[in-house]
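In what follows, every heavy atom counts, from backbone to side chain, and hydrogens, waters and symmetry copies are set aside.
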Amino acid sequence: MTIRVIIVDDQAMVRAGFAALLAAQPDIDVVGEAPDGREGVRVSRTVHPDVVLMDVRMPELDGLSAARELLDLPPGVVHRPKVLMLTTFDIDDYVYEALRAGASGFLLKDAPPADLIAAVRVVASGEALLAPSVTRRLIADFVRQRPAPRKDPALRLNGLTPRETEVLELIARGLSNQEIAAHLVLAEQTVKTHIGRVLGKLDLRDRAQAVIFAYEAGLVRPGDTG
């Protein structure tokens, strides 16, 4: 199946470069682009992409606000794309808030071309771009600067079974489904079932929000490694 992508960035050269790179892949089709968040939302609602590459800092409507509009659907709108945030900064509170809003991950703009291609495929498949160690480090570094864990997320953990709590902790440490299955000596399908229950009980959209939740609840501490 071809992955439909739009690129939202205020720099024309960035859009052109990313478009050329992605369009050269047999399984990716660039179906639109936009120079700001407002136009990005309009284009997305028109062409219904699978993945939106969204720059963080843009005129008219920044990437965070645009991501929120795309992921918090208004009445009558049914299409919700995956949003992959693009940033030039190692640590950016806009990106963190975008993850909380439901974005599927983020990628540094100077990442190698192969990483961009892989990121689009990972996000399109329904996974969050959270496995690479750099992503765990960036989230952990940012959370380290935030206030102590809030009581509400910690209380919500009480609704999980011990196994579900264990799975959530491993997700937050950056382990893939396959790695979690090996660690817990479970079938990968069983792990997927546990993850689905965790997301459902905590009212989370995806793994990205699960990682943020685990940090805010104090289940995982900054600096923990998988």
Side-chain angles (χ1 to χ4, degrees), residues 1-89 92 94-132 135 199 204-212:
M1 185 182 71
T2 300
I3 303 168
R4 295 166 55 83
V5 177
I6 69 170
I7 302 165
V8 185
D9 194 292
D10 60 340
Q11 298 181 52
M13 290 185 66
V14 170
R15 297 198 306 273
F18 283 3
L21 178 64
L22 294 173
Q25 309 307 309
D27 60 334
I28 298 176
D29 187 11
V30 179
V31 296
E33 61 177 66
D36 60 67
R38 178 66 61 202
E39 181 67 7
V41 172
R42 189 196 67 77
V43 172
S44 180
R45 296 267 163 80
T46 301
V47 303
H48 297 165
D50 300 303
V51 177
V52 177
L53 293 180
M54 182 78 74
D55 187 21
V56 171
R57 301 181 186 278
M58 293 181 292
E60 297 296 328
L61 189 69
D62 63 44
L64 173 58
S65 299
R68 283 176 173 153
E69 285 198 23
L70 289 177
L71 296 167
D72 188 11
L73 302 182
V77 176
V78 297
H79 177 258
R80 178 186 283 123
K82 304 293 184 181
V83 176
L84 178 61
M85 305 301 296
L86 301 170
T87 180
T88 55
F89 304 97
D92 194 315
Y94 282 101
V95 174
Y96 179 85
E97 292 301 329
L99 290 174
R100 293 190 66 193
S104 295
F106 65 93
L107 189 71
L108 297 179
K109 281 189 177 181
D110 59 359
D115 286 4
L116 172 65
I117 296 167
V120 168
R121 290 171 176 156
V122 166
V123 169
S125 73
E127 295 293 319
L129 193 67
L130 293 171
T135 306
L199 298 180
L204 304 172
R205 284 177 179 156
D206 59 19
R207 295 169 77 106
Q209 287 197 321
V211 171
I212 299 300

Measure across [X] and [Y] and return the closest heavy-atom pair with its distance rounded to 0.1 Å.
X: L71; Y: A103; result: CD1-N, 3.4 Å
X: M54; Y: A66; result: CE-CB, 3.6 Å
X: V30; Y: L22; result: CG2-CB, 3.9 Å
X: D36; Y: P59; result: CB-O, 3.2 Å
X: V43; Y: G32; result: CG1-CA, 4.3 Å
X: S44; Y: P49; result: O-CD, 3.4 Å

V41 vs L70 side-chain heavy atoms within contact, under 4.5 Å: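 Answer yes - side chains close enough.
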F18 vs L86 side-chain heavy atoms within contact, under 4.5 Å: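 Contact flag for F18/L86 side chains = yes.
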Side chain to side chain contact (heavy atoms under 4.5 Å, CB included) involving A210 - partner list, sequence neighbours excluded: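 Checked A210 against side chain to side chain contact (heavy atoms under 4.5 Å, CB included); matches are L168, I171, L199, L204.
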Partners meeting side chain to side chain donor-acceptor pair (under 3.5 Å) with R42 (sequence neighbours left out):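 Once residues adjacent in sequence are excluded, the partners of R42 under the side chain to side chain donor-acceptor pair (under 3.5 Å) criterion are E39.
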Residues which pass side chain to side chain donor-acceptor pair (under 3.5 Å) with R15, listed by chain and number, not counting sequence neighbours: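 With sequence neighbours excluded, R15 shows a side chain to side chain donor-acceptor pair (under 3.5 Å) to E33, given in chain and number order.
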May I have all residue pairs that pass salt bridge (charged side-chain N to carboxylate O under 4.0 Å, His left out) and include part of [range], sequence neighbours excluded?
range: residues 17-30; result: D27-R121
range: residues 63-84; result: R38-E69
range: residues 102-114; result: D9-K109, D55-K109

Atom pair CG (L116) and CG (L84), whose distance is rounded to the nearest 0.5 Å: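 So the CG of L116 and the CG of L84 are separated by 7.5 Å.
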Chi angles and distances behind the side-chain contact (heavy atoms from CB on, under 4.5 Å) call for L64, V56: CA-CA 6 Å; L64 173 58; V56 171; 6.0 Å; no
